[in-house]
Amino acid sequence: MRCALLAPPLAAALLAAGCARAAPRAEVPGPVVLVSIDTLRADRLPAYGYAHGATPHVDALRRDAVLHAAVFSHCPLTLPSHASMLTGLLPAAHGVRNNLGYRLDTSLHATLPGLLRARGYATGAAVSAYVLRGASGLREPFDFYDEPAAGGSSALGEAQRAGAETVSRALGWVESVRARPFFLFVHLYEPHAPHEGGYDAEVMRADAAVGELVAGLRRLGLYDAALLVLTSDHGEGLGDHGEDEHGILLYRETLQVPLLIKLPHGQRKGETLRRTAGLVDLLPTVGARLGLALPEAVRGRDLLHDGAASAVAAETYYPRIHLGWSELRSLRDERYYYVAGPRPELYDWARDPGETTDVAGSAPAVARAMQAALDAQAAGFTPPSRATAEERERLQALGYLAGGVEAPPGGDLPNPRDRIHLRARLKEALAFTREGRDARAVEALRALLAEDPRLFDAQVELAAALARLGRVDEALAAYAAAARTSPSMAGSLAVSTARLHLERGDPARARAHAEQALASDPGPAHEVLARAALATGDLPRADSEARAAAADPALALPAAVVLAEVRSRRGDAAGGLALLDEARARHAGAAVPSVQFVRGDLLARLGRHAEAEAAFRAEIAAFPGNARAYASLAIVSALQGRPLAESRALLETMQRARPGNETALLAAKTLDFIGDAPGAAGWRRRAGALEGAR
């Protein structure tokens, strides 16, 4: 690496860290274990002076370890930060700038597990969240890579798991390789939102998992000889500077992380090092203990040997990618902290650790020098690639924004610090959708978009809430607005748009939109194409498209619904029912729209009206907005000789559950079918009034 000194001394210190390569030392004979506790603020650990938490297992490890008092992340996001941790490179160098739309290329960038595997180590990892999915590129240098499995009871259940389970799987692998040198990476996720308890309670749960890991290593006789590192990828805002979680702002609360390095056989136990360091220093520090020859591109230094000061750079492109706001970059030395953005900020963090008083105006020379040091680094930005529907859904379940906003040509982007309050309001609106309060969510999202019309995720959530309320035309308009905000994301909206056109009775438009999504989201696109074919009576195509959708395991049950309907249309209701019940048995517990509705329809065709009624009621209980289930239940009620008033009451309930003129027209058709001409005429008048009121 070229090491020409720049004019600002601080820039020279920053670059020097990437040039110095310590001489190799003797190899550590025992195992190497890296534990990362996601979203763990250093100042929320008793080992770092916190008075309110209880982390006895981390405390015990601290007594055996060297504690580094001032270590900082280079990005307040899980995947980019772990990529820096494992490669010793800043995000601009390894290329991973966000949790979504980027992949670490380990064929280009050496990693700690890759270097150790080349030395004959077994390499294993057990991670607790989808953010570190193996497909992100992290799996390649590991012999064993264990992550949360698909098939959970919810998107959240598929996206994360308890630390105790992760530790159990990690120790199972350790038992299989204990006779040879090994590297183990364990990732715990408890402090990350969404929480089962408060933040401190989740830190305590992570501490318990650390205790289980250490106990397991002791039981196997491996702890004493181990080089064990405990750290985190980033912290958590917890309301400081207006950010509850992380990813948008760059302040100490989201960047300072713990770092404990327990050396073999009690070496240097209990020491404390106070000089400023970054997570890129982890690879050189561990590598020096193992005698590894590191690539020249590696940033950082051996923290246990090199006493020189260094500056720590950080960045976040999350606000630019997901919100259309400006990215932020920062630099920290032993005294000052500089944030480069639309309105640069400077803090004397040695005297003002909370970074509350901006001193850029009183120390302009320092601000200029730090900006020059940042300018000297390569910071080119490559936009994220398109994410799949599965990736977006699972990251949204973990609380991340999963949409994208394309910066308008020309003009400056808004300062995230000035708009951070909007993120809290978006979070509140999303909570309304999770609680089933879609009407309230629509109000909140429209108010939010009035203040910032380019919030892509707000536009998409508004469209989804409107769709659930049966306000189909408004939902289509919201999806169109989202596509205009971010044209590159139009394909990701195509399936949702296609479903709405199908609901409006326009299979041709549904087909056109679904075909746009075949490349990016093939499974969902094939499912919609199957339903569109079914709507036009094209049974061969409906059959083939449903079978194509079933190639995606997550869509096996929805595809079975279509295949069952195809059989029914061909006069084989019994065969359709058998096919559907077999699929339900294979996917027990899965909540999929229309499964019970179609099952009820098949039972009704077979004359099993009481069972059909139970199926329709089950559909309504699970999916109250399914208007067809109410209509079919009204028909089955009449077929069983119940009073006409019961069917009429069911249709009134249907209209309340899914208000709109389309629902009123369905009520009219239902009453026509059961011979209630006056009731049908009344519903047609109501449908006309609703249409005129739009």
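Given the structure is predicted, the values throughout are model-derived calculations rather than measurements.
- Considering every non-hydrogen atom in both G300 and D281, the closest pair reads CA-OD1, 2.9 Å.
- Checking side-chain atoms of T55 against main-chain N and O of M204 turns up no donor-acceptor pair under 3.5 Å.
- How far CZ of R41 is from OG of S232: 11.5 Å, rounded to the nearest 0.5 Å.
- When R161, R139, R169 are each tested for a salt bridge (Lys or Arg N to Asp or Glu O under 4.0 Å) with E147, only one passes: R139.
- Counting only distance, with no hydrogens or angles, the side chain of R103 and the backbone of A135 share a donor-acceptor pair below 3.5 Å.
- A donor-acceptor contact shorter than 3.5 Å is absent between the side chain of Q256 and the backbone of E253.
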*Run the numbers on H52 and Y50 for ring-ring contact (aromatic ring centres under 6.0 Å, His included), then give the verdict.*
CA-CA 6 Å; H52 303 293; Y50 189 53; 5.5 Å; yes
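- Rounding to the nearest 0.5 angstrom, the gap separating the CG atom in D233 from the NE2 atom in H74 is 12.0 Å.
- In this structure, CZ in F72 is found 13.0 Å from OG in S81, a value given to the nearest 0.5 Å.
- Listed by chain and residue number, F142 satisfy the ring-ring contact (aromatic ring centres under 6.0 Å, His included) test with Y145 (two or more places apart in sequence, or in another chain).
- Side-chain atoms of K427 do not come within 3.5 Å of backbone N or O of D244 as any donor-acceptor pair.
- Not a single donor-acceptor pair under 3.5 Å links the side chain of W349 to the backbone N or O of R252.
- Partners of E202 under the salt bridge (Lys or Arg N to Asp or Glu O under 4.0 Å) rule, at least two apart in sequence or in another chain, are R205.
- The CZ atom of R329 sits 9.5 Å away from the CG atom of L90 when rounded to the nearest 0.5 Å.
- Under the 3.5 Å distance criterion, the side-chain polar atoms of Y102 are matched with a main-chain donor or acceptor of T382.
- Taking CG from L104 and CG from L86, the interatomic distance works out to 8.0 Å, rounded to the nearest 0.5 Å.
- Under a 3.5 Å cut-off, the side chain of K262 and the backbone N or O of A226 do form a donor-acceptor pair.
- Side-chain contact, E327 with T316: no donor N or O sits under 3.5 Å from an acceptor N or O.
- Here the CZ-CD1 distance, from R425 to I420, works out to 13.0 Å after rounding to the nearest 0.5 Å.
- Although no hydrogens or angles enter the test, the distance criterion places a donor-acceptor pair under 3.5 Å between the side chain of R133 and the main chain of V131.
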Can you give the donor-acceptor pairs under 3.5 Å from side chains of residues 339-346 to other protein atoms, not counting sequence neighbours?
| residue | atom | partner | partner atom | Å |
| --- | --- | --- | --- | --- |
| R343 | NH1 | D418 | OD1 | 3.3 |
| R343 | NH1 | D418 | OD2 | 3.2 |
| R343 | NH2 | D418 | OD1 | 3.3 |
| E345 | OE1 | Y251 | OH | 2.7 |
| E345 | OE1 | Y347 | OH | 2.4 |
| E345 | OE2 | Y251 | OH | 3.2 |

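- Counting only distance, with no hydrogens or angles, the side chain of S73 and the backbone of H234 share no donor-acceptor pair below 3.5 Å.
- In the model, R320 has no side-chain atom that pairs as donor or acceptor with a side-chain atom of S326 under 3.5 Å.
- No side-chain donor from either of H246 and T39 sits under 3.5 Å from a side-chain acceptor of the other.
- Contact record, T166 with A126: CG2-O, 3.2 Å, taken as the closest heavy-atom pair.
- E334 contributes a side-chain N or O that, together with a main-chain N or O of T276, makes up a donor-acceptor pair within less than 3.5 Å.
- Between Y189 and H187, the two ring planes are tilted [angle within 30° to 60°].
- At a cut-off of 3.5 Å, with distance as the only test, a side-chain donor of T272 or R62 sits close to an acceptor on the other residue.
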*asked:* For L61 and Y223: C-alpha separation, side-chain torsions, deciding distance, then whether side chain to side chain contact (heavy atoms under 4.5 Å, CB included) applies.
replied: CA-CA 11 Å; L61 179 62; Y223 177 78; 3.7 Å; yes
